[in-house]
Structures are given as C-alpha cells and as structure tokens.
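Read the structure below first, then the notes.
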Amino acid sequence: MSHELGRIEDLPKEYVQDLRDLNLVPLWPSLRGVLPPKIPTRQTKPTHWPYKTIKPLLLKAGELTPIEKAERRVLVLANPGHGLEKMQASAAMYLGMQLLMPSEWAPSHRHTPNAVRMIVEGEGAYTTVDGEKCPMSRGDLILTPTGLWHEHGHDGTDPVIWLDVLDLPLVYYMEASYHINGDRQTVVPGQGDKQYARGGVVPTHVFERSKKAYPMLRYAWTDAKAALQAMAVDNPAQESIQVTYVNPETGEDAENILGFYAMMLRPGQTLRLPARSPAQVFHVIEGSLQAQVVDSTFALVEADTCCAPGYEAVTLKNLSADQPAFLFIADESPLHRKLGVYENRG
Ligand code: GTQ
C-alpha cells in the first residue's frame with residue numbers, strides 16, 4: 001500500500017518561502033526520491049569505454065599538454081549517468097587512463113583517496129610508492145593507498161599507459177579529499193612485491209611486527225595469472241575462477257574502500273554474476289568477452305573497460321572456443337560491507 005504523498009505545489013507559496021528563508025525543507029515531497037521503493041535509484045549507467053578509441057586521444061594529449069602542465073596526464077572515463085563533469089564511473093569509483101611518455105616524470109604527491117593502477121600497455125615505467133620503486137608491466141596491479149607518497153617515472157622507449165582506479169568520488173563527497181605535494185622520494189630497497197609474492201608464506205618478524213599498513217604494493221600479473229590457471233586446473237568443476245587482491249598480513253581486501261579481483265573465464269564459458277549491491281568495473285587483461293548488464297551488451301576486447309551499476313546481475317561470456325579470457329575487476333564491496341549495506345540478491 002502506498003499513499004500519494006503531498007507535493008511542494010500543494011503548499012502555499014508563502015509558507016514554502018518562509019521555510020526556505022529559515023533553511024528548512026519539508027520532507028514529504030522528497031521522501032520517495034531519497035527512499036525509493038525496494039531498489040535504489042542508480043545514476044550509474046552501464047558504460048563501455050573501448051581502448052582503441054581512448055588510446056589515440058590520450059597520445060594526442062601527450063602532444064598537446066606537457067607533463068609539467070598536467071602533473072597527471074589522464075583522460076577520465078566518466079559515466080554519463082552521473083554527468084561527465086562529475087568524473088565518476090560509479091558512486092564511489094573513479095577511472096582514468098594515464099599516459100607517461102619516455103623520460104617524463106609525474107612528481108611526488110600523496111592524497112587521502114586510495115588509488116590503484118592496472119598497467120595496460122608499455123614497459124620501462126615505474127611508480128615509486130613509499131620509497132619502493134615498483135616496475136610497471138602489463139596486467140600488474142600497483143597500490144597507492146591513502147596517505148602514501150607516490151610518483152611515476154619512465155626509463156623506457158615507448159609510451160606507457162595504465163588505468164587508474166580511485167575512490168575519489170566517495171572521498172570527495174565526504175569532504176575529505178585533498179593532496180600534498182612532495183619532493184622526489186629517496187628510493188629504498190624493495191619493489192613492492194617480492195616478500196609477499198608467494199602465497200602461504202609471509203615474512204615473520206621475530207623482534208617486531210611489520211608496522212606497514214600496506215605491506216604489499218605491487219601484485220605482478222604473472223603471479224595472479226598463474227594462481228588463476230592453477231585454480232582452474234585443480235577445480236575443473238568450479239564455475240568461477242577468481243582471486244582477490246588482499247593485504248597479505250591481514251587477509252583483508254588490499255584497500256579499505258574498493259575491492260580488486262582477477263578472474264579467468266574458460267574458453268566458451270558463460271558466467272552469471274549475481275545481483276549484488278556494489279557497482280563493478282570490468283577491464284580485459286587478456287582475451288575477449290561479451291558483458292551483458294541490464295539492457296546493454298558490450299563486446300569487450302583486450303584493454304577495454306566497462307562498468308555496471310549495483311543491484312544488477314552481469315553475464316560474462318567468453319566467445320572464444322579455445323582461449324581463456326582474463327579480467328581485472330574493481331568493485332565497491334569493502335565499502336558496502338563495512339557500512340553494513342552489502343546485499344546479494346542472487
Ligand atoms: O597518478 O597520482 O587518475 O593523483 C587521479 C589523481 C591519478 C596519480 C589519477 C591522481 C593520480
């Protein structure tokens with residue numbers, strides 16, 4: 001049973017003006033807007049950003065805007081449902097495709113939003129995070145969690161491009177987003193990955209525990225891919241072949257707000273992901289597939305990115321009969337779970 005609620009036009013104009021003058025607003029005309037029945041209103045529209053359309057425009061940005069004038073040379077993958085100027089892929093996720101040309105340097109800074117980079121193309125670049133120089137290769141995931149210094153450099157010969165995923169829209173909405181510029185970092189031993197790169201054995205600190213909140217900063221694609229392939233071989237009947245990027249000291253998600261995963265689809269496989277509350281982003285690392293969400297069907301090839309709103313099932317189909325497909329997925333699960341609003345509707 002649902003009553004028609006009173007509208008703003010049903011009230012005397014002078015009364016509404018009296019309220020406004022006192023910074024007061026009647027709830028009932030807006031109640032259904034902020035608490036819609038059964039399912040949230042989602043501005044996040046299923047959206048596909050083909051890499052082949054982004055790359056030439058990003059390279060053009062490399063000609064038009066020197067790195068000194070950009071600091072970070074990024075084209076933002078903006079969801080039209082939120083309005084492009086909002087620069088958000090979903091309520092909590094920001095996506096950007098970043099270009100670094102040989103010998104360029106994107107100076108050191110740190111900020112409150114958490115970021116990760118998924119390397120799309122090119123060799124020879126690195127991100128120095130908290131002093132550790134993390135090499136960038138295709139498919140690698142590099143964390144720059146909240147508050148850690150990071151800068152990008154490039155010793156190679158060809159353009160390097162990566163996908164940035166940040167929780168910027170959420171942190172900005174919280175009025176908690178800011179940055180601080182810093183000097184070039186002093187490089188310390190480590191490449192963000194080696195100590196923790198073998199699952200099952202982690203460093204033991206006999207004298208004191210690691211004080212690092214983020215002990216692992218780089219997750220090499222060669223390791224994540226090998227884990228997926230082993231999982232597929234060891235579990236031939238298992239439908240979903242997926243790994244989660246975790247903090248190896250705690251087993252929790254690698255970052256606090258967004259979740260990061262790698263998935264393998266077997267040749268010819270169709271996988272229906274249940275309708276869960278968090279929005280999701282899919283990025284193809286290797287292979288090609290079809291993604292269906294609401295009434296959109298996207299043909300995704302290598303390096304393509306798409307997003308899906310929360311509360312919707314997503315069907316992924318590997319159309320290749322003989323090649324597996326590998327995906328990077330980012331979602332808002334850690335946020336939803338911590339806030340107690342996570343739902344799986346099947
Ligand atoms: O590389 O530090 O896409 O600070 C947006 C903000 C990348 C970065 C982005 C950033 C960065």
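One-based numbering, in listed order, for ligands and for the atoms of each. Just the heavy atoms: all of them, side chains too, but no hydrogens, waters or symmetry mates, feed the values below.
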### Message
Does either side chain, that of N256 or that of Y214, offer a donor lying less than 3.5 Å from an acceptor on the other one?
### Response
yes

#### Entry: Summary of side chain to side chain donor-acceptor pair (under 3.5 Å) pairs that have at least one residue in residues 112-121, sequence neighbours excluded
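Residue pairs with at least one partner in residues 112-121: Y51-E121, K55-E121, N114-D167, R117-T144, R117-D164.
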
### Task
Give a yes or no on whether Y261 atom OH has more than 12 heavy-atom contacts from other residues, nucleotides or ligands under 6.0 Å away.
yes

Could you list each nitrogen or oxygen of ligand 1 that sits under 3.5 Å from a protein nitrogen or oxygen, with the atom names and the distance?
| residue | atom | partner | partner atom | Å |
| --- | --- | --- | --- | --- |
| ligand 1 | 1 (O) | R72 | NE | 3.0 |
| ligand 1 | 1 (O) | Q98 | NE2 | 3.2 |
| ligand 1 | 1 (O) | R117 | NH1 | 3.2 |
| ligand 1 | 1 (O) | H152 | NE2 | 2.7 |
| ligand 1 | 2 (O) | R72 | NE | 2.8 |
| ligand 1 | 2 (O) | H109 | NE2 | 2.9 |
| ligand 1 | 2 (O) | H150 | NE2 | 2.9 |
| ligand 1 | 3 (O) | Y94 | OH | 2.8 |
| ligand 1 | 3 (O) | D164 | OD2 | 2.8 |
| ligand 1 | 4 (O) | H109 | NE2 | 3.0 |
| ligand 1 | 4 (O) | H111 | NE2 | 3.0 |

### Query
Taking only residues at least two apart or on different chains, which pairs with a member in residues 180-207 satisfy salt bridge (Lys or Arg N to Asp or Glu O under 4.0 Å)?
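Salt bridge (Lys or Arg N to Asp or Glu O under 4.0 Å) check on residues 180-207 returns D193-R218.
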
Extract all donor-acceptor atom pairs below 3.5 Å that involve side chains of residues 228-244 and protein atoms in other chains or at least two apart in sequence.
| residue | atom | partner | partner atom | Å |
| --- | --- | --- | --- | --- |
| N235 | ND2 | M231 | O | 2.9 |
| Q238 | NE2 | S240 | O | 3.0 |

#### Entry: K133 with D155: basic N within carboxylate O range, under 4.0 Å
yes

